Protein chains: 2
Amino acid sequence: MIELSRTDSGNASRSATRAANLAERIYGQLKRDIFDFRLLPGDRFTETEVAERMGVSRTPVREALFRLQRESYVEVLYRNGWRVRPFNFEYFEDLYDVRTILECAAVRRLCDRETMPQQLEDLKRIWLVPESARLEDMNTLSALDERFHEMLVEAAGNSEMALIHHDITEKIRIIRRLDFTKPPRVDATYVEHGMVLKAILERRPEPAQMMLKAHIEESRREVRKITLHMLHSARQDAQGRE
Amino acid sequence: MIELSRTDSGNASRSATRAANLAERIYGQLKRDIFDFRLLPGDRFTETEVAERMGVSRTPVREALFRLQRESYVEVLYRNGWRVRPFNFEYFEDLYDVRTILECAAVRRLCDRETMPQQLEDLKRIWLVPESARLEDMNTLSALDERFHEMLVEAAGNSEMALIHHDITEKIRIIRRLDFTKPPRVDATYVEHGMVLKAILERRPEPAQMMLKAHIEESRREVRKITLHMLHSARQDAQGRE
DNA sequence: GAACACAAACTTGTGTACAAGAAGGTGCTC
DNA sequence: GAGCACCTTCTTGTACACAAGTTTGTGTTC
């Protein structure tokens, strides 16, 4: 089976299961609420409200909220409740840019190495496969795509860079998933990832960076188109529920 | 007077003054304790201990500690106290690398612009001065050096990149200050900053990046030498006090 | 009817009490 | 004396009570 593990201290989908402490569980739950648009950008809520809904006291709720605040998902209004941070497209654009910078730097470093790290082998096994062996499940692919980019950076060997990149990945996941709603992008992803990998293995940093950049740019463009529509319908859903 | 303001939500030296809430004050105080080696890497302590010393309850102390944990200054041992994270030189090396990557990317972007942002003018007024007008106070220079690099990144116009770079700056400040303990480095800093600025203003990205890289590398080398000695004597001081 | 003062209802910030669990010392057994 | 079980002590995790301050609605005045 494919190994994709990571220390992963902030994954919204998994942190709920291993609930070492309440605060972490609340953190995961809130994050998922935001990601699944149950809590919409701009929505206001109070600590007591969350505490009652989750059946715990305010203490762990506050701890979770402070973490989410630090990660800029929510903001506190002095003695006046909390708010899910409104969508800011410039924010995501900026994050995409930083992501590109870091990944390109990682690729450059990889090409400079004489021996390739294990991660590259793992990636080859996943992405350099015949067309018939390509996966089709959107959720799996979305997760694999994330791991492709993260593992590239991890392979470069700078843990702090990998950590920062991981944080960015977490932050843009909320809109990035939308990239995999259309099948054509799936095939394109296989092709583009494959080309990047080959360029790295052939130690050709310039083409590798260029293709990686183009690939991210393509995905970003796709997401940009979908997000507005998505947000709109989520708002309508929410109104329908009221 | 020179304007160097920044939103700056985590500066150890300033956050204590404007104590909006206790948690922030404790945060600043603890950070300063770590920076000034009153709390040494590896030192263990408890929440109650800190709370009593600062004359507050555990609640704001915990909030402050969680922030410091997230910024990887301290770590919690499950139901067994807290510890100042032991010095890890690889950690600082990695951060220096990421810093270099981000600043080089910023410089590249700056060179691509047709009009230069205001920040560049400010930096010129500080660093492109005759030798006679150079400042000599180490603390001021250390702060100005930090702002030079931060402002370069801010000038590039990507707020998220600037934020990440700012976080890194905060994290390496504890050892970076040591760079300004020797006068020769002061002169070198003036020369090197000046050269970088000129190269940017002349829209020559390659030399600009190379010089910036060399400058950071030089500073890193200097710090590397001093840190070990510094840490050693801090440990001896601490033992003498016991 | 409009504007202002006031009070009631909430909200977060902080302090405190108690619960769950880890570590280390103490006494017992062999 | 060595090893083990137990218990005390101390730690963080959580709940809850109260303080400080904001908002909002209501009543009064003009």
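Quick caveat: nothing in here was measured; it's all calculated off a predicted structure.
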| Under-4.0 Å side-chain N/O to phosphate OP1/OP2 contact, B:Ser57 with C:dG15 | yes
| Whole Å only: how far is the CG atom of B:Asn21 from the P atom of D:dA20? | 15 Å
| With a 6.0 Å cut-off on ring centres, are A:His193 and A:His149 close enough? | yes
| Once you round it to whole Å, what is the distance between P of C:dG13 and CZ of B:Arg25? | 16 Å
| Can you tell me if A:Tyr96 and B:Glu160 form a side-chain donor-acceptor pair at under 3.5 Å? | no
| So which nucleotide from C:dA22, D:dA15, C:dG15 ends up closest to the side chain of B:Thr59? | C:dG15
| query | Are B:Asp145 and B:Arg177 close enough that some pair of their side-chain heavy atoms sits under 4.5 Å apart? | reply | no
| Taking CD from B:Gln69 and P from D:dT12, how many angstroms apart are they, rounded to a whole number? | 12 Å
| query | A:Leu22 CG to D:dT12 P: how many Å, rounded? | reply | 18 Å
| query | Nearest-Å distance, CZ (B:Arg58) to C1' (C:dT16)? | reply | 10 Å
| query | Counting just side-chain N and O atoms, does A:Trp82 come under 4.0 Å of either OP1 or OP2 of C:dT11? | reply | no
| task | Could you tell me the separation between the OH atom of A:Tyr78 and the P atom of C:dT12, rounded to a whole number of Å? | result | 12 Å
| field | Residues from residues 44-55 of chain B lying under 4.0 Å of DNA chain C - heavy atoms | value | none
| remark: Applying side-chain contact (heavy atoms from CB on, under 4.5 Å) to A:Asp137 and not counting sequence neighbours gives A:Asn139, A:Thr140
| said: Could you tell me if the side chain of B:Asp97 sits less than 4.5 Å from the side chain of A:Met161, heavy atoms only? | reply: no
| Is there side-chain contact between B:Arg38 and B:Arg32, with at least one heavy-atom pair below 4.5 Å? | yes
| request: Measure from CG on A:Leu65 to C1' on C:dG13 and round the result to the nearest Å. | output: 14 Å
| said: Using the ring pair (Phe, Tyr, Trp, His ring centres under 6.0 Å) criterion, which residues pair with B:Phe66? Sequence neighbours excluded. | reply: B:Trp82
| note | Nearest-nucleotide check on DNA chain C, A:Asn80 vs B:Glu63; residue mapping nearer the 5' end is A:Asn80
| field | Between P of C:dT11 and CZ of A:Arg83, the distance in whole Å | value | 16 Å
| message | Is B:Arg79 close enough to D:dC10 that one of its side-chain N or O atoms is under 4.0 Å from OP1 or OP2 there? | response | no
